[in-house]
Amino acid sequence: MKAYIAGKPILSTTDWPSSVCCVVFFTGCNLRCKFCFNGPLLEFDEQYLVDLERVYKELDEHRYLIDGILVTGGEPTLQPDALHAIGEWTHQHNLKFGTMTNGTKPAVLLQLLDANLLDYVAVDIKTIPNEKEYAHITQTKHEILPAINETIALLKSSKINYEFRTTLVPSLIDKIPQLEKILKWIGKKNYVLQNFRPTDTVLDPSLKTAFSVEELDQFRQFAKKKRLITRF
Ligand code: SF4
């Protein structure tokens with residue numbers, strides 16, 4: 001089987017909490033988030049089409065160093081068969097399997113959950129639960145909140161580890177009342193705040209700076225009060 005995958009898997013100690021994992025980057029995405037720094041990975045470009053056998057060989061080189069394999073992107077759920085296949089390979093090699101997603105394909109997650117292939121899922125919560133706001137940030141014309149709501153409900157009712165993550169971005173997600181609205185929507189459990197990473201590949205070139213350590217303090221205080229997780 002072939003899949004659109006960028007580069008070789010990389011080792012990570014930060015992408016999956018309390019786990020050392022190999023991260024596989026699927027290309028292609030159905031959103032165009034203004035703060036996305038994976039611009040070159042958002043298309044299904046022929047140059048990224050690789051045989052999964054090659055990926056398994058690369059993963060096998062790290063097998064004895066890691067706890068699991070995490071597929072990120074792009075949006076991994078747009079290639080459900082390849083995601084399923086890598087999940088099966090991972091479990092056959094006694095490793096944990098996880099993925100990161102924008103939450104727009106709950107049916108794919110459900111299939112993976114039904115097959116007992118998922119051990120961990122991280123979902124990006126881009127903004128408050130409002131279609132206009134989501135459309136503004138993700139630059140999509142389609143209604144996506146019903147799917148994201150389904151994903152949230154699915155993970156909350158599952159027995160696997162999951163996280164909901166919001167990226168703080170100056171001029172987009174930069175106010176405590178926005179976070180209050182998100183908390184009302186998804187609850188406090190497993191909710192993570194992270195800082196924006198400005199790079200040359202960020203989709204909206206007007207987004208050039210992240211919050212400074214001092215500016216992050218208000219969010220740190222808020223997170224402490226609400227018992228949220230911060231990664232900054
Ligand atoms: S941030 Fe994630 S969901 Fe948004 S465009 Fe980038 S890869 Fe897609």
Side-chain angles (χ1 to χ4, degrees), residues 3-7 9-10 12 14-16 21 23-45 47-49 70-80 82-83 86 98-109 112 120-152 154-155 162-174 178 182 185-186 191-211 231-232:
Y4 293 89
I5 293 174
I10 58 161
S12 169
T14 54
D15 288 287
W16 186 331
C21 65
V23 182
V24 178
F25 295 89
F26 275 27
T27 70
C29 187
N30 51 348
L31 305 184
R32 291 293 180 272
C33 305
K34 290 181 174 212
F35 55 80
C36 179
F37 53 82
N38 281 336
L41 303 187
L42 301 184
E43 303 296 336
F44 291 104
D45 194 319
Q47 65 170 310
Y48 295 124
L49 198 54
L70 182 70
V71 179
T72 181
E75 176 49 42
T77 58
L78 299 186
Q79 300 185 74
L83 196 56
I86 295 178
T99 191
M100 292 185 185
T101 176
N102 58 29
T104 55
K105 298 287 174 196
V108 175
L109 291 179
L112 290 164
Y120 170 71
V121 176
V123 184
D124 272 350
I125 300 293
K126 311 287 185 189
T127 184
I128 61 171
N130 173 296
E131 286 290 358
K132 253 191 172 172
E133 283 298 316
Y134 249 85
H136 175 63
I137 287 187
T138 64
Q139 306 191 90
T140 176
K141 291 192 178 95
H142 308 291
E143 191 184 63
I144 52 178
L145 276 178
I148 293 169
N149 281 327
E150 226 180 289
T151 292
I152 292 168
L154 191 60
L155 291 175
Y162 63 84
E163 272 187 355
F164 300 124
R165 301 175 176 177
T166 294
T167 304
L168 300 166
V169 189
S171 81
L172 291 179
I173 299 293
D174 57 356
Q178 289 172 302
I182 294 174
W185 175 30
I186 60 168
Y191 183 50
V192 181
L193 296 178
Q194 55 193 16
N195 200 9
F196 171 54
R197 280 164 55 189
T199 66
D200 291 346
T201 53
V202 167
L203 289 193
D204 182 342
S206 73
L207 301 174
K208 292 190 191 319
T209 52
F211 286 110
R231 301 243 166 84
F232 45 70

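Only a predicted model underlies this, so the values are computations on that prediction, with no experimental measurement involved. Reckoned from all heavy atoms, side chains included, excluding hydrogens, waters and symmetry mates. Numbering of ligands and ligand atoms starts at 1, following listing order.
Using a 4.0 Å cut-off between charged nitrogen and carboxylate oxygen, E75 and R32 do not count as a salt-bridge pair.
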key: side chain to side chain contact (heavy atoms under 4.5 Å, CB included) evaluation trace for T167 with I173   = CA-CA 7 Å; T167 304; I173 299 293; over 6 Å; no
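Aromatic ring pairs are classed by plane angle as parallel below 30°, tilted from 30° to 60° and perpendicular above 60°; the pair W16 and Y120 is parallel.
The shortest separation from a heavy atom of K126 to ligand 1 is under 4.0 Å, placing the residue in contact.
When L207, V169, V202 are each tested for a side-chain contact (heavy atoms from CB on, under 4.5 Å) with K34, only one passes: L207.
Taking Q47 as the reference, D45 meet the side-chain contact (heavy atoms from CB on, under 4.5 Å) condition, with sequence neighbours excluded.
Listed by chain and number, the protein atoms of type N/O/S under 2.8 Å from atom 8 (Fe) of ligand 1 are C29 SG; waters are omitted.
Taking all atoms of both residues into account, the shortest heavy-atom contact from Y48 to P40 is OH-O, 3.5 Å.
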